[in-house]
Each structure stands twice: as C-alpha cells, then as structure tokens.
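Each remark here refers to the structure printed beneath this line.
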Amino acid sequence: MNILLTGGMGYIGSHTAALLASAGHRVHIYDNLCNSNIGTLDRIQKIASQVIGFTEGDVRDTEKLTKVLRDEKIDAVIHLSGLKAVGESSQKPIEYYANNVQGSISLIQAMQAVGINTLVFSSSATVYGDPVYLPYDEDHPTNPTNPYGRNKLQVEEILRDLSASDSSWRIGCLRYFNPVGAHETGLIGEDPNGIPNNLMPVIGQVVNGKLPLLNIFGDDYETHDGTGKRDYIHVMDLAEGHLATLIWLQSNLGCHTFNLGTGSSYSVLDLLNRFEEASGQKIPRQVVERRPGDLPEYYAKADKAEKVLGWKTKKTLSDICNSSWLWIKNSKKS
Ligand code: NAD
Ligand code: UD1
C-alpha cells in the first residue's frame, strides 16, 4: 500500500512509519514540523533501510495536501497530526480546534478531491472522561473534560457522519491509552519540545539533568501503592495496531472504533521501579499534591481489537523501560 502519515515525524508517527516501511509499504510523511525535527527522517530511513517520502506542510493547507495525495498515488491515510497538550488546550482552545478539528476537515476534503476513502484516525482514551465503570470499553459513555478531548471526540463524530453519508469510506478511530517506550534500536523515541507533562518524558528529562527530580502527583489514591495507575502501551505495539487496522479496513467498510491498550494498569511507582532496574539509575523523586483533573486509575478493555483486528499487545513493562532507557541514553549523547 502507498500510505500517507500526517504528523508522521512525531513520536507515534515515526514509529508507525518505521514499522509500515519495514513491512513493505511505501510511506510518505506530511508534517509541518511544529513539534518534531527533520533529523528524525534519516533515523526512520535507517531503521526501515529504505527511502521515506516527506513533504513539509500544514494539514490545513488543503491544496498542498491534495497535490501530495495525488502525486504520491496514496491508497490510505493515517491521520496523526495535531496538538496534544491537555493543559495548553484549555489556554489556547481556538488554536486546538483550528489545528485538530479544522485540520481533520481539510484532510477529509483533500481525500475526497482525490477519491481516497481509507483513513485511520489517532483518537484518545481521553474521550471517555470520568469513568462510569472500568475497564473502559468502546461503548463507555464519552464525556471529555478538556478542549483537547473534545477535539478528538468531535473528529470522531465528523468521521461517523461522513461514513453515514457515504458508504464507500473505510475508517478506523483508534483510541490510544498511554503510549510509552521507543524503537528497540534506540534511534527514535519521544522527544517533546519544552517541558513535558507525561510521566516517561519527565523521567527522561530527570535522567538527562534537564529536570532536578520527578514530582509524583499524589500517593494517597486507592491503588496498591497509592500512586495513579495507567494502561501503558508500548509505541511499537501501537504501531502494529495501525497496520492491523489498515489491513482489516481493506475488506471492511464503515467507521469503526477500537481501544488500543493492554487491558491492565501499572502505577507510577511500578513504572519507576522497573525503569530504575532497566537503567541502573536512581531517579530522584518527591511526592507532591495530586495533579488537578487526574484520575486514580484507568485502563482499556482491549478485547474488541483482538477479536476483530486480530491484534493484541506483545511487549512487557520491561520492554517499555529497556527501550526508553536506550533512547534516553542515546539522546543524552546527541
Ligand atoms: P507528536 O506531537 O509527537 O506528533 C504530532 C505531529 O504532528 C508532530 O510531528 C507535529 O509537527 C505534527 N503537526 C501538528 N500540527 C500539524 C499541522 N497542522 N499540520 C501538519 N503537521 C502537524 O504527537 P504524538 O504523541 O506522536 O501523537 C500523535 C497523535 O496521537 C496526535 O493526534 C495525538 O493527539 C494522538 N494521541 C497521542 C497520545 C500520546 O500520549 N502521545 C495519546 C492519545 C492520542
Ligand atoms: C495524560 C492526559 C491524557 C492523554 C494521556 C496520553 C492529562 C490530564 N491527561 O494522561 O489526556 O491521553 O496523557 O498519554 O494530562 N505523573 C506524575 N508525575 C509527572 C507526570 C505524571 O506523578 O510528572 C503521574 C500522573 O499523575 C499519572 C501518571 O503519572 O498518574 C501518568 O501521567 P501522564 O503520563 O501525564 O498521563 P495521563 O495522566 O494518563
């Protein structure tokens, strides 16, 4: 397949591009580099041992995107581009709606102009909001609590409306849980600009001396050790989930939603202890107040993706920590 990845130079996109190209697909990345670096392209090519196409452009530039879709004879699109910082989305909601919702409409228009109708969309478990029950299955009510989450839900709704209006579309909305880890070569990994919010990139910055210590947001939750629990999914398992979805969509029409998670959860201390084992490094830490808006625990019911797509996660928490450590060590050197 000829596959276009919007946002393919970012954390999840770069790993997915490497996997798809290694599996024999022709990959073209379309990214405006607002949260990524052109140097990643060489590293993806090194992993895949082949040339990866790249166009620098904004997903809202419908004309440019249409031309790339046509010129590259694209068969399917994975739409990963967007802004993703939850806190920032409350401070700059219009920027988020413009980039994430308007950007998705622009992509759909470009695909319509060229007659491409296979699309995989990067959604998020954040669409569920406060749990009514756990684990979250795909039928759990959706009630996102911030503009970023509402962006994701609105795009999903647009895609469902699109599919209802035109039965030729083949769409997968993938609700990611907590993506972590890096490629096993240590060549690519998560490399956020500025001060990160998510746990693993914060640990990375502590190791690299950019942050003095890790603040653990609360140890008085009703969990086995009092710290928050999450469904951490290895980014390469996530990449495999995209490939499985694309293959399944080749013989299935309509708009379909899948959780991509492991189905189990680990606490902050579970992850931290395993990371210390993997790295041999002691991570300075202190317990501080709970972070507003944080949930004690959430995790996926991951059965639908396994039953329908034949996909499930294979990697362990040790794989996550070993690969993250390799990446953090490599990025410390460069
Ligand atoms: P990322 O920021 O590393 O990658 C996003 C990429 O999109 C970046 O390379 C950025 O330059 C590009 N981009 C942003 N706006 C663009 C625009 N208007 N036009 C073209 N390119 C643009 O993020 P990621 O972690 O790789 O996330 C990928 C997708 O998955 C996002 O849509 C995100 O919301 C979603 N997601 C991420 C997580 C997570 O924890 N990482 C969880 C759930 C969902
Ligand atoms: C965050 C987002 C969520 C997004 C997810 C993707 C918020 C409110 N939610 O969720 O929308 O889908 O990332 O991965 O931002 N922790 C610390 N110290 C830190 C950072 C985190 O103790 O410096 C703890 C948190 O309290 C939490 C766990 O680590 O218990 C994971 O946090 P994080 O990586 O930010 O992910 P989420 O909170 O699940």
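Note that the structure is predicted; figures quoted are calculated from it, not measured.
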Taking the side chain as C-beta and beyond, is there a heavy-atom pair between [X] and [Y] under 4.5 Å?
| X | Y | result |
| --- | --- | --- |
| T55 | L4 | no |
| W327 | D191 | yes |
| Y221 | T227 | no |
| V202 | P196 | yes |
| K304 | F258 | yes |
| C173 | C255 | yes |
| E72 | V68 | yes |
| V180 | V235 | no |

Do [X] and [Y] sit within salt-bridge range, that is, some charged N less than 4.0 Å from a carboxylate O?
| X | Y | answer |
| --- | --- | --- |
| K64 | D61 | no |
| K67 | E63 | no |
| K312 | D237 | no |

For [Y], is there any backbone N or O sitting under 3.5 Å from a side-chain donor or acceptor partner on [X]?
| X | Y | result |
| --- | --- | --- |
| N252 | W248 | yes |
| D166 | L162 | no |
| N198 | P201 | no |
| R170 | L249 | yes |
| E276 | I283 | yes |
| H25 | S22 | no |
| H15 | A239 | no |
| K152 | N100 | no |
| S163 | L159 | no |
| Q45 | I52 | yes |

Heavy-atom pair with the smallest gap, counting every atom of [X] and [Y]:
| X | Y | result |
| --- | --- | --- |
| N99 | V59 | O-CG1, 4.5 Å |
| G13 | L5 | O-CD2, 3.5 Å |
| G8 | I44 | O-CD1, 4.2 Å |
| K229 | S265 | CE-OG, 3.4 Å |
| Y148 | K84 | CE1-CA, 3.5 Å |
| A305 | N259 | CB-O, 3.7 Å |

Judged by modelled atom types alone, do [X] and [Y] share a side-chain donor-acceptor pair under 3.5 Å?
| X | Y | result |
| --- | --- | --- |
| T62 | S106 | yes |
| S323 | H234 | yes |
| R175 | T257 | no |
| N37 | T40 | no |
| D231 | T262 | yes |
| T223 | E297 | no |
| N2 | R26 | yes |

(message) Is the distance between the ring centroids of Y133 and H140 under 6.0 Å?
(response) yes
(request) Not counting sequence neighbours, which residues clear side-chain hydrogen bond (donor to acceptor under 3.5 Å, both in side chains) with S122? List them please. (result) Y176
(request) Sequence neighbours left out, what passes side-chain hydrogen bond (donor to acceptor under 3.5 Å, both in side chains) with T142? Give chain and number order. (result) none
Spatial distance of atom [atom1] ([X]) from atom [atom2] ([Y]) [nearest 0.5 Å]:
| X | Y | atom1 | atom2 | answer |
| --- | --- | --- | --- | --- |
| L253 | I171 | CG | CD1 | 10.5 Å |
| W169 | T118 | CH2 | OG1 | 8.5 Å |
| I188 | L41 | CD1 | CG | 11.0 Å |
| T6 | H28 | OG1 | NE2 | 11.5 Å |
| M236 | K315 | CE | NZ | 7.0 Å |

(message) Counting only heavy atoms from other residues, nucleotides and ligands, does the tally under 6.0 Å from CD of Q286 exceed 12?
(response) yes
(request) Determine whether more than 12 heavy atoms belonging to other residues, nucleotides or ligands lie under 6.0 Å from atom CD of Q91. (result) yes
(request) Find out whether the Lys NZ or Arg CZ of R230 is both under 6.0 angstrom from the six-membered ring centre of F177 and within 45° of the ring's axis. (result) no
(request) Would you sort out whether Y128 and Y136 count as a ring pair (Phe, Tyr, Trp, His ring centres under 6.0 Å), showing the intermediate values? (result) CA-CA 8 Å; Y128 294 119; Y136 291 125; 4.5 Å; yes
(message) The test is side chain to side chain contact (heavy atoms under 4.5 Å, CB included); show your working for Y30 and I74 and say whether it passes.
(response) CA-CA 12 Å; Y30 186 93; I74 297 297; over 6 Å; no
(message) Would T185 and L326 count as a side chain to side chain contact (heavy atoms under 4.5 Å, CB included) here? Give the steps.
(response) CA-CA 8 Å; T185 56; L326 192 59; 5.9 Å; no
(message) Walk me through whether S267 and D225 qualify under side chain to side chain donor-acceptor pair (under 3.5 Å).
(response) CA-CA 8 Å; S267 72; D225 58 21; 2.6 Å; yes
(message) Under the salt bridge (charged side-chain N to carboxylate O under 4.0 Å, His left out) definition, can you give me all pairs with a residue in residues 87-97, not counting sequence neighbours?
(response) E88-K92
(request) Begin with the C-alpha distance, continue with both residues' side-chain angles, and end with the deciding distance and a verdict on side chain to side chain contact (heavy atoms under 4.5 Å, CB included) for K307 and D303. (result) CA-CA 6 Å; K307 210 167 105 192; D303 309 25; 5.7 Å; no
(message) As a quick check of understanding, evaluate salt bridge (charged side-chain N to carboxylate O under 4.0 Å, His left out) for K314 and D319, giving each step before the final call.
(response) CA-CA 10 Å; K314 296 186 197 119; D319 295 327; over 6 Å; no
(request) Apply side chain to side chain contact (heavy atoms under 4.5 Å, CB included) to L199 and V268, showing your working. (result) CA-CA 8 Å; L199 181 58; V268 175; 4.1 Å; yes
